[in-house]
Amino acid sequence: MHWTDVTAQSLSHKGKKHIVSTGITPSGEFHIGHLREILTGDMIARAAQDAGLDVEFVFIIDSADPLRKVYDFLGPEYEQFVGNQLGAIPAPNEDGNPDWERFEKEGWTYANHFLEPFLKALNEIGVKPRLIDNLESYRNGRFAELSKIACDRAEDIRECIERISSRELPDDWFPWSPLNSKKGLDKVKVTGYEYPLVHWKDEYGETGSSDISKGEGKLPWRIDWPAKWGWIGVTCEAFGKDHGAAGGSYSTGREIVQLLGHEPPQPLVYEWISLKGQGAMSSSAGNTIGPIEALELVPPEILRLLIAKSKPNKAIEFDTGMGLVTLADEYERLAARDFDKELANEELSRRQRVQIEDAAGALRMASTVAGEKAQATAVTFRHLALLAQTKKNDEDVWSSLQSSGAIGTVTPELQDRLNRMRHWIHSRHFPAEMKIHILEQPNLEMLRLFDEDEKKILTNMTAAIEACDWDAQSIGASIPQAARDLDLSPRSAFKVAYAALMGAEKGPRLAPILAEMEKQEILALLRACLTSITE
RNA sequence: GGGCCUGUAGCUCAGUCAGGUAGAGCGUCGGACUUUUAAUCCGAUGGUCGCGGGUUCGAACCCCGUCAGGCCCGCCA
């Protein structure tokens with residue numbers, strides 16, 4: 001059974017109605033690590049739906065969280081906002097400084113700024129959650145009731161956090177962070193509590209009262225999270241391993257939510273995604289790849305497959321080079337399989353059966369539209385990479401594929417795939433080994449290994465190329481002919497051609513590539529090869 | 001210090017919850033086909049299941065210990 005179905009099954013034992021939740025703090029540029037959070041939740045929800053449950057998927061935007069520091073991508077003017085809530089401060093403009101105009105005219109906030117492109121990507125990936133803005137929820141009083149319980153039972157909650165996380169809370173700790181005189185959550189101490197007011201004093205010497213029913217502040221994270229489970233009614237949540245460790249916020253949360261009068265959701269801890277060879281993703285280290293950037297390279301279903309095929313507790317290394325080719329080709333292979341037929345085989349061992357089911361599940365989750373069966377495009381990533389490099393315009397790519405019978409009509413999916421492919425080829429991610437490269441100098445090492453027959457072929461071929469018209473068809477005919485004239489197999493002629501022109505054992509179809517190049521250059525290379533072997 | 005996750009074929013991983021002959025894909029090698037789309041098809045290759053003990057008729061799986069890597073215990077998914 002696929003991991004999403006295992007989770008769905010376990011949810012079904014608990015009841016019919018479920019809310020699967022995810023949440024992210026919009027503190028900076030989103031990256032594909034965040035995509036795992038969202039997609040893990042989305043896929044569980046889909047599996048639960050498939051299992052006949054009544055399920056809703058929500059995405060909580062943690063806009064009530066404060067700005068922690070002036071990040072590298074922010075200008076110095078943000079110093080004044082450290083400690084202020086992300087949903088209540090202006091977004092950065094191109095220079096990284098606050099865009100006051102949009103903030104005042106449209107209410108365009110820091111949180112909006114980073115969230116918008118991510119939501120766009122989500123839409124393309126086929127994720128359509130119900131959005132819950134955390135700051136707005138506080139302001140609308142959604143947290144009021146549970147915040148009251150938390151404040152009333154401050155000592156129980158303190159005990160819970162101290163016991164489970166084995167850390168000592170300061171004497172003046174209180175389960176409510178009021179906004180200070182500068183609308184910040186830092187540098188403020190709670191001095192008293194009479195519902196609904198939490199009295200405070202800040203480091204600027206100001207005092208005031210925060211109404212917990214109006215969102216004039218927020219619950220600290222370890223209480224904020226369980227309170228959300230409570231008022232939203234979350235029954236399942238996927239979260240990163242940082243929250244999942246013993247003593248972490250889930251283990252305190254599951255007890256605190258019960259103090260607040262609700263049941264904890266079913267947890268699912270997932271591992272992180274790293275960029276191959278670069279360690280964990282971190283915006284400050286600059287080794288991130290955003291969902292938008294990833295979507296420019298691969299279609300959304302392949303991005304979904306990346307998450308779907310790995311169980312959540314497995315770390316994923318996202319490889320934007322050759323790994324992408326393997327991943328994309330794996331998708332094509334999966335899409336071409338007939339799982340029902342495979343599973344009908346009575347002789348399968350339990351293991352084989354499980355593997356087929358997992359593959360089928362991964363493909364089902366990869367589709368951007370729930371329930372829609374994936375279509376194989378019959379064109380592998382490799383193949384398309386090749387064609388996209390050798391054919392300058394799209395028409396030629398399609399006619400090549402059509403003449404070989406690989407495709408019929410050009411579907412929007414194919415066009416879309418080709419557009420992304422061209423993007424990838426021109427990006428910094430495109431791997432060197434996929435690049436088509438015609439030598440400039442003979443590869444002496446390979447030429448030295450030529451036997452007598454091969455030398456003769458090379459002589460013939462040079463002459464044939466020189467004589468032929470410079471178009472793909474003529475070139476394509478002259479190469480094998482060079483061997484035929486000697487009663488040798490066409491195969492050996494191609495072997496010679498690859499060695500001489502590309503310094504390789506084998507390679508892509510040569511003729512169309514050569515036709516794109518200058519005849520004189522190719523001839524010069526062949527002649528140089530000839531000279532080297534006759535010495 | 002306390003805890004969590006991971007360790008299985010060259011690579012990526014299933015299989016561990018319910019113990020019953022070690023399994024996929026990729027790669028590699030071989031063959032077939034071919035005026036060769038790094039293609040496709042067929043076949044083969046490949047593992048002291050990190051290590052040591054225990055329980056059991058039987059352990060990759062359960063228990064104890066141990067090593068290695070990653071992570072958490074001050075809101076980084």
Side-chain angles (χ1 to χ4, degrees), chain A residues 6 10 22-25 27-28 30-38 40 62 64-66 68 164-169 177 185 218-225 238-252 269-274 279-284 309-317 319 323 325-327 329-330 333-334 349-352 354-359 379-380 382-387 390 400-401 403-404 406 433-434 436 473 475-481 483-484 489-491 493-495 497-498 502 504-513:
Chain A
V6 174
S10 122
T22 57
I24 299 174
T25 304
S27 54
F30 283 69
H31 51 67
I32 53 165
H34 295 109
L35 213 49
R36 188 170 202 177
E37 161 96 14
I38 297 289
T40 303
D62 284 320
D65 291 358
R68 300 262 160 234
I164 296 172
S165 71
S166 63
R167 64 186 249 240
E168 212 170 306
L169 295 172
S177 304
L185 292 161
K218 77 182 281 280
L219 295 164
W221 164 247
R222 279 181 186 258
I223 307 155
D224 173 85
W225 200 19
F239 46 86
K241 61 177 174 178
D242 48 332
H243 295 313
S249 45
Y250 181 76
S251 47
T252 51
V269 179
Y270 62 86
E271 255 285 353
W272 289 21
I273 296 184
S274 59
M281 239 169 269
S282 147
S283 305
S284 54
K309 74 179 194 132
S310 292
K311 297 214 294 187
N313 62 4
K314 291 284 179 186
I316 294 177
E317 270 203 354
D319 177 1
V325 180
T326 315
L327 180 67
D329 286 351
E330 183 178 352
R333 269 195 309 278
L334 283 174
S349 71
R350 181 170 157 250
R351 253 170 223 177
Q352 290 170 318
V354 166
Q355 270 177 336
I356 296 171
E357 283 173 0
D358 271 354
V379 185
T380 65
R382 265 200 165 74
H383 189 171
L384 194 61
L386 190 76
L387 291 174
T390 54
S400 161
L401 286 166
S403 67
S404 69
E433 59 181 297
M434 290 288 290
I436 290 174
Q473 203 181 355
I475 300 169
S478 11
I479 295 173
Q481 197 57 40
R484 282 229 179 71
S489 76
R491 186 184 215 167
F494 283 106
K495 195 180 161 214
Y498 288 123
M502 301 182 79
E505 289 277 332
K506 49 185 178 175
R509 185 172 215 170
L510 270 174
I513 301 168

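Throughout, protein chains are lettered first and strands after them, A, B, ... in sequence-line order, and every chain is numbered starting at 1.
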*Could you give me the stems involving RNA chain B, meaning stretches of three or more consecutive Watson-Crick or G-U wobble pairs whose two defining distances are both below 3.5 Å?*
B:1-7 with B:67-73, B:10-13 with B:23-26, B:28-32 with B:40-44, B:50-54 with B:62-66
*Could you check how far CZ of A:F239 sits from C1' of B:C71, rounded to whole Å?*
14 Å
*Distance, rounded to the nearest Å, where A:L219 contributes CG and B:C75 contributes P*: 16 Å
*With the side chain of A:R222 defined as its heavy atoms from C-beta on, choose the nearest nucleotide among B:G15, B:C72, B:G74.*
B:G74
*For B:G3 versus B:A22, give the span between their P atoms, rounded off to a whole number of Å.*
34 Å
*asked:* Considering every strand and a 4.0 Å limit on heavy-atom distances, what is the contact class for A:K495: base, sugar-phosphate, or nothing?
replied: nothing
_What is the distance, to the nearest angstrom, from the NZ atom on A:K241 to the P atom on B:A77?_
14 Å
_Under 4.0 Å, heavy atoms only, any strand: does A:Y498 hit a base, just the sugar-phosphate, or nothing?_
base
*Considering heavy-atom distances to RNA chain B, does A:A511 or A:V6 have its closest nucleotide positioned more toward the 5' end?*
A:V6
*What one-letter contact string describes nucleotides 3-8 of chain B from 5' to 3', where B marks a base within less than 4.0 Å of any protein heavy atom, S marks contact via sugar-phosphate atoms alone, and - marks no contact?*
B-SSS-
_Whole angstrom value for the distance that separates P of B:C13 from CD of A:E330_ = 11 Å
*NZ of A:K495: more than 12 outside heavy atoms within 6.0 angstrom?*
no
*Nearest heavy-atom neighbours spanning A:R36 and A:E271*: NH1-O, 3.1 Å
*Looking at B:C75, does its base get a donor-acceptor pair with the side chain of A:R68 below 3.5 Å?*
yes
_Of the listed nucleotides B:A38, B:A77, B:G70, the one nearest the side chain of A:R382_ = B:A38
*asked:* Once you apply a heavy-atom cut-off of 4.0 Å, does A:S249 come out as touching a base, just sugar-phosphate, or nothing?
replied: nothing
*Using the P atom in both, what is the distance from B:U48 to B:A9, to the nearest Å?*
9 Å
*May I ask you to say what A:I38 touches in the nucleic acid, namely base, sugar-phosphate or nothing, with a heavy-atom cut-off under 4.0 Å?*
nothing
*Which nucleotide in the set B:A14, B:U35, B:A77 lies at the smallest distance from any side-chain heavy atom of A:I273?*
B:A77
*Using a cut-off of 4.0 Å on non-hydrogen atoms, how would the nucleic acid contact of A:D65 be classed: base, sugar-phosphate, or nothing?*
nothing
*Between A:E37 and A:S165, which is nearer to the 5' end of RNA chain B once each is assigned its nearest nucleotide?*
A:S165
*In whole Å, what separates the P atom of B:G43 from that of B:C13?*
27 Å
*asked:* Between B:G27 and B:C11, how far apart are the two C1' atoms, rounded to whole Å?
replied: 7 Å
_Could you tell me how far B:U12 sits from B:U6 if I compare only their C1' atoms? Round to whole Å._
14 Å
*Nearest whole angstrom, please: distance from the P of B:C75 to the NE2 of A:H243.*
9 Å
*What is the nucleic acid contact for A:I479, judged by heavy atoms within less than 4.0 Å: base, sugar-phosphate only, or nothing?*
nothing
_Go through it in stages, so that I can follow the logic: the residues are A:I24 and A:I38, the test is side-chain contact (heavy atoms from CB on, under 4.5 Å), and I'd like the CA-CA distance, side-chain angles, deciding distance and then a yes or no._
CA-CA 9 Å; A:I24 299 174; A:I38 297 289; 3.9 Å; yes
*To the nearest Å, how far apart are A:Y250 OH and B:C75 C1'?*
17 Å
*Considering only atom P, compute the distance from B:G46 to B:G53 and round it to an integer number of Å.*
27 Å
_Suppose we screen for side chain to side chain donor-acceptor pair (under 3.5 Å). Which residues come up paired with A:S249, at least two apart in sequence or across chains?_
A:W221, A:H243
*Can A:W272 be classed as stacking with the base of B:A77, given a centroid separation cut-off of 5.5 Å and a plane angle cut-off of 30°?*
yes
*Report the nucleotide, chosen from B:G15, B:U35, B:C26, that has the shortest atom-to-atom distance to any side-chain atom of A:Q481.*
B:U35
*Looking only at atom C1', what distance separates B:G52 and B:G7, rounded to whole Å?*
16 Å
*Partner set under side chain to side chain donor-acceptor pair (under 3.5 Å) for A:T326, not counting sequence neighbours*: none
_Please classify the nucleic acid contact of A:R333 as base, sugar-phosphate, or nothing, using heavy-atom distances under 4.0 Å._
sugar-phosphate
*Inter-nucleotide C1' distance (B:G47, B:U21), Å rounded*: 15 Å
*asked:* Given B:A38, B:U35, B:G74, identify the nucleotide with an atom nearest to the side chain of A:A477.
replied: B:U35
*Would you mind classifying the nucleic acid contact of A:A493 as base, sugar-phosphate or nothing, using non-hydrogen atoms under 4.0 angstrom?*
nothing
_In whole Å, I'd like the distance from the NZ atom of A:K309 to the P atom of B:C26._
12 Å
*Where the side chain of A:I24 is defined as all heavy atoms beyond and including C-beta, which of B:A77, B:C75, B:U35 is the nearest nucleotide?*
B:A77
*Residue list, side chain to side chain donor-acceptor pair (under 3.5 Å) with A:R222, at least two apart or on another chain*: A:T252
Are there any protein N/O atoms within less than 3.5 Å of an N/O atom in nucleotides 20-24 of chain B, and if so, which ones and at what distance?
residue : atom : partner : partner atom : Å
B:A22   : O3'  : A:R351  : NH1          : 3.4
B:G23   : N2   : A:Q355  : NE2          : 2.7
B:G23   : N3   : A:Q355  : NE2          : 3.2
B:A24   : OP1  : A:Q352  : NE2          : 2.8
B:A24   : O4'  : A:Q355  : OE1          : 2.7

*Using whole Å, report how far CG of A:L327 lies from P of B:C26.*
14 Å
*Within the pair A:K218 and B:C75, is there a side-chain N or O less than 4.0 Å away from OP1 or OP2?*
no
